[in-house]
Number of protein chains: 2
Amino acid sequence: MDQVEIFKALSNKTRLQILNWLKEPEKNFPEQSDGFANGICVGQIQQKAGLTQSTVSEYLSVLQRAGLVSSVRKGQWTYYKRNEETFEILSRMIQSDI
Amino acid sequence: MDQVEIFKALSNKTRLQILNWLKEPEKNFPEQSDGFANGICVGQIQQKAGLTQSTVSEYLSVLQRAGLVSSVRKGQWTYYKRNEETFEILSRMIQSDI
DNA sequence: AAGTTATATCGGTTTTTCCCGATATGCCAA
DNA sequence: TTGGCATATCGGGAAAAACCGATATAACTT
């Protein structure tokens, strides 16, 4: 739980948007046809973000290293979803630690 | 209340330390002889941070632009203190917005 | 007015971040 | 096993951040 790493991950407009989109996958990624239980795959996120595939892939691993999302590989797809526990811890950390 | 600006301000170890020191001014800045009501002056913070005066001054204005601290000028000193309201808003923002 | 002290700002070097295109890897299908 | 698709990684150019030393400003002192 590296504070600086978390705040760096959150210091980017696109990454904040991605996290926000992942709060309501059904609403924000209606194109995804294979359910939402695993999360959302990189391609869907990339399309919505309007940045290149490499950039979005990199952004997602920044978020993952910070513990803000988790990923599952299924076949050729990697699905990302929010890790709500980290947000709760972070919120409490701001109230008590920082 | 610019989210990215706040998170950038928090993305630095020294700045996080400064915010933490300012939680308990009496404990962390016992050298300050003129009371704590106004906050802590730049020189005290600089000494504790071990960075140059210009760097610490710059850091404090980064924190101020993000709304995390406020400052008062008194004579030749500028006193900084935490702006607790921003931390509360931030904590809630993480629970609901982000 | 001239000197001293506290802070802010300016100009610069080094490191980090942003974002890209190209390439590698992993998985599936024919 | 060849080809295609999804994702990851690599190398790099441009912009921003992390510092610094030098200088400016502002206020106080004598």
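Letters A, B, ... are given to chains in the order of the sequence lines, protein chains preceding strands, and every chain is numbered from 1. This one's a predicted model, so the numbers in the text were calculated from it and none came from an experiment.
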Could you tell me whether A:Tyr80 contacts a base, only the sugar-phosphate backbone, or nothing, with contacts defined as non-hydrogen atoms closer than 4.0 Å?
sugar-phosphate

d(CD, B:Gln64; P, C:dT9) in whole Å
10 Å

Are A:Val62 and B:Ile6 co-members of a hydrophobic cluster defined by side-chain heavy atoms under 4.5 Å apart?
no

Between atom CG in A:Leu60 and atom P in D:dA8, what is the gap in whole Å?
7 Å

Any side-chain N or O of B:Ser57 less than 4.0 Å from the OP1 or OP2 oxygen of C:dA8?
yes

If the cut-off is 4.0 Å, is A:Ser54 near the phosphate of C:dG21, judged by side-chain N/O to OP1 or OP2?
no

With no hydrogens and no angle check, just 3.5 Å: does a side-chain donor-acceptor pair link B:Ser11 and A:Ser11?
yes

So what does B:Thr78 touch, heavy atoms closer than 4.0 Å: a base, only the sugar-phosphate, or nothing?
sugar-phosphate

Please confirm whether the backbone N or O of A:Ile94 pairs with a side-chain atom of B:Ser91, one donor and one acceptor, at under 3.5 Å?
no

Taken to the nearest whole Å, CD/A:Glu58 to C1'/C:dA24 is 16 Å

Spacing between B:Asn38 atom CG and C:dT7 atom P, to the nearest angstrom
12 Å

DNA chain C: A:Gly50 or B:Val42, which has the more 5' nearest nucleotide?
B:Val42

Donor-acceptor pair under 3.5 Å: do we get one between A:Gln53's side chain and the base of D:dA8?
yes

A:Arg65 CZ to D:dT9 P, straight-line distance once rounded to whole Å:
9 Å

Side chain of B:Gln76 only, heavy atoms from C-beta on: which candidate in C:dT5, D:dC20, C:dC19 is closest?
C:dT5

Looking at residues 2-24 of chain A, who's got a heavy atom less than 4.0 Å off DNA chain C?
A:Lys8, A:Ser11, A:Asn12, A:Arg15

Taking atom C1' of C:dA29 as reference, at what distance in whole Å does atom CH2 of A:Trp77 sit?
11 Å

What's the NZ-P distance between A:Lys74 and D:dA8, to the nearest Å?
15 Å

Just by distance, with hydrogens left out, do A:Ser57 and A:Ser54 show a side-chain donor and acceptor under 3.5 Å apart?
no

Measuring to OP1 and OP2 of D:dC19, would you say a side-chain N or O of B:Tyr59 lies under 4.0 angstrom away?
yes

I need the CD-P distance between A:Gln46 and C:dG21, as an integer number of Å.
11 Å

Under the criterion side-chain contact (heavy atoms from CB on, under 4.5 Å), I'd like the reasoning laid out for A:Met1 against A:Ile89: C-alpha separation, chi angles, the key distance, then a yes or no.
CA-CA 9 Å; A:Met1 190 56 76; A:Ile89 292 171; 3.8 Å; yes

Residue-phosphate contact under 4.0 Å: A:Thr52 side-chain N/O, C:dC19 OP1/OP2
no

Tell me the closest heavy-atom pair linking B:Lys8 and B:Arg15, and the distance in Å.
O-NH2, 3.2 Å

Without hydrogens or angle criteria, can the side chains of A:Thr78 and A:Ser71 be said to hold a donor-acceptor pair below 3.5 Å?
no

